[in-house]
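One structure is given here, and the rest of the page talks about it.
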Amino acid sequence: MLRLGGWVADGKIHLRQNGFTRSGAKITANARTLLAFGRRLAEADRVSVPSRLAEIAARDPLPAVRHEALASLLIRASQDRAPHALVNGAIARALEDSHAPNRFFAATCGREPLSRSLEVLAALVRDAATADALRAKALTALGKLAGIADADAILDGLLQWGGNESRVAAIEALGLRRADPSRVTSF
């Protein structure tokens, strides 16, 4: 708002026009922008903190901000200061987030049904666009890969084309599954 010559302080909106301007339209546009900003601030006071956090977690353009909003919402939920339905809805939306680390966070937060979490984690492991370190974390979170129909194909694929971290995680998963040692002897 400083760019427009205005600021908010002490519960008031201040507009200062420095210098001379001949454009009444510009002054009016700046005042209207500040007024709209003030209205948004006033509306924000009528929305509960958990609701605002859920909205930010769902719609903020920055993935890190969405992640932090969801983490804050989960903290409030752990303190019984957020409605369970609101938190569950935010987690469900985060499982569909466009940013893979946010999907991982939602899948591993412990509030989703295990089957849905496993589904999201397995999708992260299968997706070639997932960063190798995140793929390895998702694979580790899957443990023995119980309930994953194509577990052996996933592990064999990671041993062939995975990065270093996901290969190591695949070897560990094969060990947990008590796989035949010949599957990993070349590594």
Side-chain angles (χ1 to χ4, degrees), residues 1-16 29-148 154 165-166 169:
M1 302 309 347
L2 291 173
R3 177 175 59 84
L4 299 174
W7 67 95
V8 177
D10 301 322
K12 299 176 186 171
I13 299 174
H14 301 269
L15 175 63
R16 178 174 297 163
N30 287 353
R32 284 190 177 142
T33 300
L34 287 170
L35 182 59
F37 178 63
R39 285 184 180 138
R40 284 190 187 139
L41 289 174
E43 288 170 5
D45 284 343
R46 287 179 274 216
V47 176
S48 70
V49 170
S51 294
R52 279 188 275 164
L53 288 171
E55 181 66 22
I56 292 167
R59 300 195 193 328
D60 196 90
L62 298 174
V65 172
R66 292 192 305 270
H67 173 89
E68 290 303 320
L70 183 59
S72 296
L73 186 59
L74 289 169
I75 290 169
R76 292 185 76 83
S78 72
Q79 301 165 342
D80 288 327
R81 294 179 13 203
H84 292 291
L86 182 74
V87 175
N88 292 341
I91 292 168
R93 284 187 299 278
L95 290 171
E96 303 295 328
D97 195 290
S98 61
H99 192 62
N102 288 355
R103 291 193 308 271
F104 175 82
F105 179 72
T108 57
C109 73
R111 294 197 45 123
E112 263 308 290
L114 183 59
S115 61
R116 179 68 175 126
S117 293
L118 293 176
E119 179 184 310
V120 171
L121 292 170
L124 287 170
V125 172
R126 288 183 194 105
D127 187 357
T130 302
D132 189 58
L134 184 60
R135 181 183 287 129
K137 285 173 63 174
L139 185 58
T140 299
L142 286 170
K144 293 183 180 182
L145 284 88
I148 307 298
I154 291 172
E165 291 180 59
S166 59

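On a predicted model such as this, the values are computed, not experimentally measured, just so you know. Numbers for residues simply follow the sequence, beginning at 1. Basis for what follows: all heavy atoms, side chains included, without hydrogens, waters or symmetry-related copies.
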Closest approach of Arg135 and Asp127, non-hydrogen atoms and distance? NH2-O, 2.5 Å
Going by heavy atoms in the side chains, are Ser166 and Leu139 under 4.5 Å from each other? no
Distance-minimising heavy-atom pair for Ala136 and Ala169: O-CB, 3.8 Å
To the nearest 0.5 Å, what is the distance between CG on Leu121 and NZ on Lys137? 11.0 Å
Which atoms form the tightest heavy-atom contact between Arg52 and Val47, and what is the distance? NE-O, 3.3 Å
So does His84 get a backbone contact from the side chain of Asn88, meaning a donor-acceptor N/O pair under 3.5 Å? yes
Beyond-backbone contact of Pro50 with Pro83, side-chain heavy atoms, under 4.5 angstrom: yes
Interatomic distance, Leu134 atom CG to Phe104 atom CZ [nearest 0.5 angstrom]: 6.0 Å
Hey, could you give me the CG/CG distance between Leu53 and Leu86, rounded to the nearest 0.5 Å? 8.5 Å
Considering all heavy atoms of both residues, which atom of Ala106 and which atom of Ala94 are nearest to each other, and what is their separation? CB-CB, 3.6 Å
Nearest atoms (heavy-atom pairs only) where Arg66 meets Ile56: CG-O, 3.6 Å
What I want to find out is whether Arg103 reaches Glu119 closely enough, with some N-O distance under 4.0 Å, to be called a salt bridge. no
Nearest 0.5 Å please: distance from the OG1 atom of Thr108 over to the CG atom of Leu142. 11.0 Å
Out of curiosity, Arg111 CZ to Leu70 CG, how far, rounded to the nearest 0.5 Å? 10.0 Å
When you compare the side chain of Thr130 with that of Val125, does any pair of heavy atoms fall below 4.5 Å? no
Closest non-hydrogen atom pair between Ile154 and Arg126, with its separation: CD1-NE, 3.7 Å
To the nearest 0.5 Å, what is the distance between NE2 on His67 and CG on Asp60? 13.0 Å
